[in-house]
*Asks:* 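Structure provided below as structure tokens; questions to follow.
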Amino acid sequence: QVQLVESGGGLVQAGGSVRLSCAASGHTFHGYSIGWFRQAPGKEREFVAGMIHSGSRTAYANFVKGRFTISGDNAKTTVYLQMKTLKPEDTAVYYCATRWASRVFTTIEEYDSWGQGTQVTVSS
């Protein structure tokens with residue numbers, strides 16, 4: 001398993017932007033599939049966005065298309081989730097996850113390494 005550390009969450013006003021980071025501790029994402037998920041209070045954890053390590057394949061949940069962008073750095077040690085035009089309903093704990101694979105997965109069960117999560121709160 002890969003140790004993941006998320007950062008970048010916080011409080012932001014509706015319409016604002018936040019960039020989350022997911023770092024692979026002592027590891028790279030080369031050869032891995034990476035996903036971002038979120039969990040709001042009282043709700044199930046849901047898929048937000050995913051990519052393979054090269055960035056050549058990405059996937060997004062319908063509710064974030066056009067607002068969120070997943071990307072990775074050239075060193076393949078950090079994956080980002082750029083979130084724009086945030087809405088109060090985007091308030092959640094955001095998690096990154098990864099697994100060794102060459103395609104994007106959208107379900108929780110497909111990932112075997114998870115970060116601890118970072119809180120994003122969008123105020124109206």
*Asks:* Nearest 0.5 Å please: distance from the CG atom of L4 over to the OH atom of Y95.
*Replies:*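 Rounded to the nearest 0.5 Å, the CG-OH separation comes to 13.0 Å.
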*Asks:* Between R67 (side chain only) and T85 (backbone N and O only), is there a donor and an acceptor less than 3.5 Å apart?
*Replies:*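 The answer is yes, because a donor-acceptor pair under 3.5 Å joins these two groups.
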*Asks:* Report yes if the side chains of T69 and L81 come closer than 4.5 Å at any heavy-atom pair, otherwise no.
*Replies:*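 No, their side chains stay 4.5 Å or more apart.
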*Asks:* Would V122 end up clustered with F63 when hydrophobic side chains under 4.5 Å apart are linked, directly or stepwise?
*Replies:*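 Yes: a chain of side-chain contacts under 4.5 Å links V122 to F63.
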*Asks:* How far does CD of Q1 sit from NE2 of H27, to the nearest 0.5 angstrom?
*Replies:*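 Here the rounded value is 11.0 Å.
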*Asks:* Can you measure from CD (E46) to OG1 (T106) and round to the nearest 0.5 angstrom?
*Replies:*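 E46 CD to T106 OG1: 12.0 Å, rounded to 0.5 Å.
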*Asks:* Using 0.5 Å steps for rounding, measure from the CD1 atom of I108 to the CH2 atom of W114.
*Replies:*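 Output value for this atom pair is 5.0 Å.
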*Asks:* Taking E6's backbone N and O only, do any of them form a donor-acceptor pair with S21's side chain (distance below 3.5 Å, no angle check)?
*Replies:*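 Judged by distance alone, no pair lies under 3.5 Å.
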*Asks:* Return yes when atom CD of E89 has more than 12 non-hydrogen atoms of other residues, nucleotides or ligands closer than 6.0 Å, and no otherwise.
*Replies:*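 For E89, atom CD is crowded (more than 12 foreign heavy atoms under 6.0 Å).
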*Asks:* So, do F37 and F47 have ring centers that fall under 6.0 Å from each other?
*Replies:*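 Centroid separation for F37 and F47: below 6.0 Å.
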*Asks:* Using every non-hydrogen atom in the two residues, find where P88 and A14 come nearest and quote the distance to one decimal.
*Replies:*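 So the minimum-distance heavy-atom pair works out to CD-CB, 4.1 Å.
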*Asks:* Got a donor-acceptor contact below 3.5 angstrom from the Y60 side chain to the I70 backbone?
*Replies:*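 At least one qualifying donor-acceptor pair exists.
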*Asks:* How many angstroms lie between OG1 in T28 and NZ in K76, if you round to the nearest 0.5 Å?
*Replies:*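 Reported value, rounded in 0.5 Å steps: 8.5 Å.
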*Asks:* How long is the gap from OG on S17 to CD on Q82, to the nearest 0.5 Å?
*Replies:*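 S17 atom OG to Q82 atom CD measures 6.0 Å (nearest 0.5 Å).
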*Asks:* Do side-chain atoms of Y94 reach the backbone of V48 as a donor and acceptor pair under 3.5 angstrom?
*Replies:*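 Not confirmed, Y94 side chain does not pair with V48 backbone.
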*Asks:* Measure the shortest side-chain to side-chain distance between E44 and Q39 over non-hydrogen atoms and say whether it is less than 4.5 angstrom.
*Replies:*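 They are not in contact (no side-chain heavy atoms under 4.5 Å apart), so the answer is no.
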*Asks:* Side chains of M83 and V12: closer than 4.5 Å at any heavy-atom pair?
*Replies:*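 No, too far: nothing below the 4.5 Å cut-off.
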*Asks:* Validate the cation-pi geometry between R99 and Y111: distance from NZ or CZ to the six-membered ring centre under 6.0 Å, angle to the ring axis within 45°.
*Replies:*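 No - R99 does not lie over the ring of Y111 by the 6.0 Å and 45° rule.
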*Asks:* Would you find a donor on one side and an acceptor on the other, under 3.5 Å apart, between the side chain of S113 and the backbone of V2?
*Replies:*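 Such a contact is found between S113 side chain and V2 backbone.
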*Asks:* Considering only heavy atoms from C-beta outward, does the side chain of V18 approach that of L86 to under 4.5 Å?
*Replies:*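 Yes, close enough: below the 4.5 Å cut-off.
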*Asks:* Apply side-chain contact (heavy atoms from CB on, under 4.5 Å) to T91 and V120, showing your working.
*Replies:* CA-CA 5 Å; T91 294; V120 174; over 6 Å; no
*Asks:* Any chance you could lay out the side-chain hydrogen bond (donor to acceptor under 3.5 Å, both in side chains) test for Q119 and T121, step after step, and finish with the verdict?
*Replies:* CA-CA 6 Å; Q119 176 72 46; T121 303; 3.3 Å; yes
*Asks:* Is there a path of hydrophobic side-chain contacts, each under 4.5 Å between heavy atoms of I/L/V/M/F/W/Y residues, joining F105 to F29?
*Replies:*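 No, it is not one cluster - the side chains of F29 and F105 are not joined through contacts under 4.5 Å.
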*Asks:* Would you sort out whether D73 and Y80 count as a side-chain contact (heavy atoms from CB on, under 4.5 Å), showing the intermediate values?
*Replies:* CA-CA 8 Å; D73 67 348; Y80 305 101; 4.1 Å; yes
*Asks:* Could you go through M51 and R57, starting from their C-alpha distance and side-chain angles, then the distance that decides it, and tell me whether this counts as side-chain contact (heavy atoms from CB on, under 4.5 Å)?
*Replies:* CA-CA 5 Å; M51 63 179 279; R57 298 178 188 174; over 6 Å; no
*Asks:* Consider only side-chain heavy atoms of I, L, V, M, F, W and Y, link residues closer than 4.5 Å, and tell whether V79 and L20 are in one cluster.
*Replies:*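 Yes, V79 and L20 fall within the same hydrophobic cluster.
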*Asks:* Between G117 and V93, what is the shortest heavy-atom contact and its length?
*Replies:*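 Here G117 and V93 meet closest at CA-CG1, 3.8 Å.
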*Asks:* Taking all non-hydrogen atoms of both residues into account, name the closest pair between T118 and G8 and its distance.
*Replies:*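 Smallest interatomic distance, heavy atoms only, reads OG1-N, 4.2 Å.
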